[in-house]
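To start, the structure itself, in structure tokens.
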Amino acid sequence: MDSSERVHAHHHAVQFYGSDQSLCTTVGGFISEGLIAGQPAILIATPVHTAAILQELRRRLIDVDQAKHIGDLVCLDAEEALATFMASDMPDTDAFRKNMGDAIAQALGGRVRTPVRAYGEMVDVLWKKGRAEAAIRLEVLWNELAATHAFRLLCGYSMGNFYKQAQYFGQVCQQHTHVV
């Protein structure tokens with residue numbers, strides 16, 4: 001299987017959003033759908049987006065406190081998560097695999113054949129810091145991690161990121177199986 005086939009062997013979607021409200025609605029739907037189906041979820045976002053997404057989950061009648069208490073919903077700060085695997089200006093492959101792999105395993109809590117739903121905006125954080133190459137490398141690492149871990153990933157990018165760096169838009173889309 002070549003690398004382009006491997007990218008599409010799992011679910012790795014991207015949401016390009018123009019407003020926080022549209023992002024939170026999409027992420028809330030993605031995460032709540034999984035929780036209702038018995039799939040644990042990991043939310044890797046900025047504090048502002050985390051609060052808004054949790055509110056959206058509550059609006060969808062998800063008992064957020066209970067889901068967090070039993071470990072079905074794990075919330076990670078995007079900046080803190082990045083700090084666990086960034087080496088200089090690029091993600092360290094081994095540190096990423098260990099830290100994100102551990103987060104997925106923790107969310108699974110020993111369940112087998114159950115994919116984790118994950119939303120991540122670490123790529124958006126990197127992009128906003130002018131680290132487009134690091135963001136694209138992170139997307140590649142997520143695709144590689146899918147070979148050993150079962151998850152459905154949704155990434156979020158602000159559309160504003162691409163006004164001055166439109167040349168990267170195609171590269172970002174290429175790393176995803178679905179584009180919203």
Side-chain angles (χ1 to χ4, degrees), residues 6-7 9-15 23-24 26-54 56-57 62-129 131 134-157 172 175-178:
R6 221 176 13 256
V7 166
H10 62 283
H11 182 94
H12 183 182
V14 60
Q15 162 79 31
L23 173 71
C24 293
T26 300
V27 175
F30 175 74
I31 297 292
S32 65
E33 180 181 283
L35 290 170
I36 291 167
Q39 299 169 346
I42 303 171
L43 182 61
I44 311 167
T46 62
V48 169
H49 284 164
T50 296
I53 292 165
L54 294 179
E56 176 65 20
L57 291 173
I62 299 294
D63 187 339
V64 170
D65 296 329
Q66 178 67 9
K68 287 169 73 173
H69 177 73
I70 64 173
D72 277 354
L73 179 60
V74 177
C75 297
L76 303 174
D77 179 278
E79 290 275 1
E80 291 174 7
L82 280 168
T84 68
F85 60 78
M86 290 298 290
S88 299
D89 286 339
M90 291 299 283
D92 176 85
T93 301
D94 293 333
F96 171 81
R97 285 182 185 146
K98 180 186 179 339
N99 289 293
M100 291 299 102
D102 287 352
I104 292 169
Q106 176 189 355
L108 280 173
R111 290 174 270 202
V112 293
R113 294 191 295 264
T114 301
V116 170
R117 295 267 177 141
Y119 166 71
E121 57 188 33
M122 294 182 292
V123 289
D124 196 45
V125 169
L126 288 170
W127 207 283
K128 288 177 179 174
K129 292 180 177 183
R131 296 181 181 164
I136 292 169
R137 177 68 185 141
L138 183 53
E139 297 287 12
V140 170
L141 291 176
W142 277 112
N143 287 328
E144 290 174 358
L145 190 64
T148 57
H149 293 75
F151 60 86
R152 295 174 57 91
L153 178 63
L154 173 63
C155 300
Y157 285 87
V172 170
Q175 293 303 317
H176 295 86
T177 60
H178 300 80

Going from [atom1] on [X] to [atom2] on [Y], what distance comes out if it is rounded to the nearest 0.5 angstrom?
{"X": "Trp127", "Y": "Tyr157", "atom1": "CH2", "atom2": "OH", "result": "5.5 Å"}
{"X": "Thr26", "Y": "Leu154", "atom1": "OG1", "atom2": "CG", "result": "7.5 Å"}
{"X": "Leu82", "Y": "Met122", "atom1": "CG", "atom2": "CE", "result": "5.5 Å"}
{"X": "Asn99", "Y": "Met86", "atom1": "CG", "atom2": "CE", "result": "13.0 Å"}
{"X": "Tyr119", "Y": "Cys75", "atom1": "OH", "atom2": "SG", "result": "12.5 Å"}
{"X": "Leu126", "Y": "Met90", "atom1": "CG", "atom2": "CE", "result": "9.0 Å"}

Side chain to side chain contact (heavy atoms under 4.5 Å, CB included) against Asp65, all qualifying residues, sequence neighbours excluded: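 Per chain and number, Asp65 pairs via side chain to side chain contact (heavy atoms under 4.5 Å, CB included) with Arg58, Asp63.
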Aromatic ring pairing Phe96/Phe85, orientation class (parallel under 30°, perpendicular over 60°, tilted between):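 Rings of Phe96 and Phe85: perpendicular, over 60°.
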Asp102/Lys98 salt bridge by N-O under 4.0 Å criterion: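 Salt bridge between Lys98 and Asp102, a charged N being under 4.0 Å from a carboxylate O: yes.
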NZ/NE/NH1/NH2 to OD/OE distance under 4.0 Å, Arg111 and Asp72: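 Counted as a salt bridge, because a side-chain N and a carboxylate O are separated by less than 4.0 Å.
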Test log, rule side-chain contact (heavy atoms from CB on, under 4.5 Å), inputs Cys155 and His176: CA-CA 9 Å; Cys155 300; His176 295 86; 3.7 Å; yes
Hydrogens and angles aside, do [X] and [Y] bring a side-chain donor and acceptor to less than 3.5 Å of each other?
{"X": "Thr46", "Y": "Glu79", "result": "no"}
{"X": "His12", "Y": "Gln175", "result": "no"}
{"X": "Thr114", "Y": "Gln39", "result": "no"}
{"X": "Thr148", "Y": "Arg97", "result": "no"}

Which atom pair, heavy atoms only, marks the closest approach of [X] to [Y]?
{"X": "Val74", "Y": "Ala107", "answer": "CG2-CB, 4.3 Å"}
{"X": "Ala134", "Y": "Pro91", "answer": "O-CG, 3.7 Å"}
{"X": "Thr93", "Y": "Arg137", "answer": "OG1-NH2, 3.0 Å"}
{"X": "Ser32", "Y": "Gly29", "answer": "OG-O, 3.3 Å"}
{"X": "Ala150", "Y": "Ile104", "answer": "O-CG2, 4.3 Å"}
{"X": "Ala87", "Y": "Asp92", "answer": "CB-CB, 4.1 Å"}

side-chain contact (heavy atoms from CB on, under 4.5 Å) between Leu43 and Leu76, worked out: CA-CA 6 Å; Leu43 182 61; Leu76 303 174; over 6 Å; no
Residue pair Ile62, Ile31: steps toward the side-chain contact (heavy atoms from CB on, under 4.5 Å) verdict: CA-CA 10 Å; Ile62 299 294; Ile31 297 292; over 6 Å; no
Full working for side-chain contact (heavy atoms from CB on, under 4.5 Å) between Leu73 and Leu57: CA-CA 11 Å; Leu73 179 60; Leu57 291 173; 4.1 Å; yes
Cation over ring face, Arg117 and Phe151, 6.0 Å, 45°: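 No cation-pi geometry.
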